[in-house]
Amino acid sequence: MTSTVEKKKVVSEVSVQGKKEAVVDEKDVKSPTEPKAEEITSKDYYFDSYSHFGIHEEMLKDDVRTRTYMNSILQNRHLFKDKVVLDVGCGTGILCMFAAKAGAKKVIGVECAGIYHQAKKIVKANGFEDKITLVHGKLEEVELPVDKVDIIVSEWMGYFLLYESMMDSVLFARDKWLAPGGMLFPDKASMYICAIEDADYRAEKIDFWKNVYGFDMSCIQELALMEPLVDVCNPNQIISDSDSILEVDLYTVKKEDLDFSSDFSIKITRNDFCHAFVAYFTATFSKSHKPLVISTDPRCKYTHWKQTVFYMDKDFPAAVGDVIKGHISCSRNGKNPRDLNIELRSECDGKEAKHSHSRKYRLR
Ligand code: SAH
């Protein structure tokens, strides 16, 4: 288990400064020139992590992610043939190239980070220059060379589905450019919650601070509890069934709906100690001939999104058949909309213990 510190979906304010005006790059007229590789410093990457190839390497090598996108496009040539496709946040241009390969008439990829310069070269190297037009800039600020598109593809999902998520940008693109009857790939997303036993890892990450080489650092324990952990959860730690906490239909959802709250009810499936709740999500390509789903369920294959773990202040003994009734609410932080404020309450009138817990978390 390793905790991850790299920030996915960071679109830095700094990285988009200077690109306030629309930058349509058909003739490469206004596009800022590519910095020379030897001139790029860590400062550039600190403010704009998507400019570095490393984060794209991680995403491309996430086979569940990339292969499901590939299949959703290449197995649906009948949907893509002769269509105009927009890729929101094209990165290396991989989804643009899948769409071009599937027979799209025109593909437009919008990318605000420096990886755009590599995408240009990649598109050229693979002979798609006539089909794929790349636009450098923030989606919300660019002009496109078309009025409407038939299909929007985008890999926008963040940790806990919504963290630093680009869903807002996809909704912006949908409302501005998607033709009536147009399609979104993916078009549905759901989030789920279940309970886990996690004594060992809790001791390593939380209780650790009580005694660090003989010193009391327990003030950090409170901070550690507050931050949900993005990490891999072993499926045999799961001690309950799951309940859905969010269902998103991308055709109809509004930005405001993404501040959500939901009741949940989960049933304990084995006698164990309950230490934490785990959230995971799915993204579905329902227009696909054979419906395809990316799942971050701990019982499914690893993805770079892993799972999100919420530790409780104290564990409790849970018995088979006990029902945990809970409530989760999630809203963007007013000061920094990328941060998520999450509140989780749970109660269980169990066979062995009465449990009641409430805590505020901050995903940042
Ligand atoms: N589509 C690529 C990259 C996905 S990561 C792939 O599947 O591999 C998301 C990309 O979207 C990042 O490169 C990020 O820089 C870009 N991005 C995020 N928000 C954006 C916005 N508002 N406008 C343009 N690009 C954006």
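All ligand and atom numbering here is 1-based and tracks the order in the structure.
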Nitrogen or oxygen atoms of [X] and ligand 1 under 3.5 Å apart:
| X | result |
| --- | --- |
| Glu140 | yes |
| Leu139 | yes |
| Tyr50 | no |
| Cys112 | yes |
| Glu111 | yes |

What atoms in ligand 1 come closer than 4.0 Å to a heavy atom of [X]?
| X | value |
| --- | --- |
| Ile94 | 6 (C), 7 (O), 8 (O) |
| His56 | 13 (O) |
| Lys138 | 22 (N), 23 (N) |
| Arg65 | 6 (C), 7 (O), 8 (O) |
| Ala113 | 15 (O) |
| Glu155 | 4 (C), 7 (O), 9 (C) |

#### Entry: From OG (Ser72) to NZ (Lys287), nearest 0.5 Å
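Here the interatomic distance stands at 13.5 Å.
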
### Task
Answer yes if Val293 and Val153 sit in the same cluster of Ile, Leu, Val, Met, Phe, Trp and Tyr residues linked by side chain heavy atoms under 4.5 Å apart, and no otherwise.
no

### Message
Tell me whether Ile220 shares a hydrophobic cluster with Val309, the cluster being built from Ile, Leu, Val, Met, Phe, Trp, Tyr side chains joined at under 4.5 Å.
### Response
no

### Task
Answer with yes or no whether Gly137 contacts ligand 1, where contact means a heavy atom under 4.0 Å from a ligand atom.
yes

### Task
Establish, yes or no, whether a centroid distance under 6.0 Å links the rings of Tyr201 and His275.
no

#### Entry: Output field: ring centroids Phe277/Phe310 closer than 6.0 Å
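When the ring centroids of Phe277 and Phe310 are compared, they turn out to be at least 6.0 Å apart.
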
Under 4.0 Å from ligand 1, counting heavy atoms only, is it the side chain of [X], its backbone, both or neither?
| X | answer |
| --- | --- |
| Met59 | side chain |
| Met166 | side chain |
| Ser169 | side chain |
| Cys90 | backbone |

### Message
Surrounding NZ of Lys124 (heavy atoms of other residues, nucleotides or ligands, distance under 6.0 Å), is the total greater than 12?
### Response
no

### Query
Should we count NZ of Lys131 as having more than 12 external heavy atoms under 6.0 Å?
yes

#### Entry: Those residues that, when tested against Asn236, pass side-chain contact (heavy atoms from CB on, under 4.5 Å) (two or more places apart)
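side-chain contact (heavy atoms from CB on, under 4.5 Å) list for Asn236, sorted by chain: Asn234.
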
### Query
How would you list, by chain and number, every residue that makes a side-chain contact (heavy atoms from CB on, under 4.5 Å) with Arg270, sequence neighbours excluded?
Glu197, Ile239, Asp272

### Message
Is a donor from one side chain sitting under 3.5 angstrom from an acceptor on the other, for Thr296 and Lys306?
### Response
no

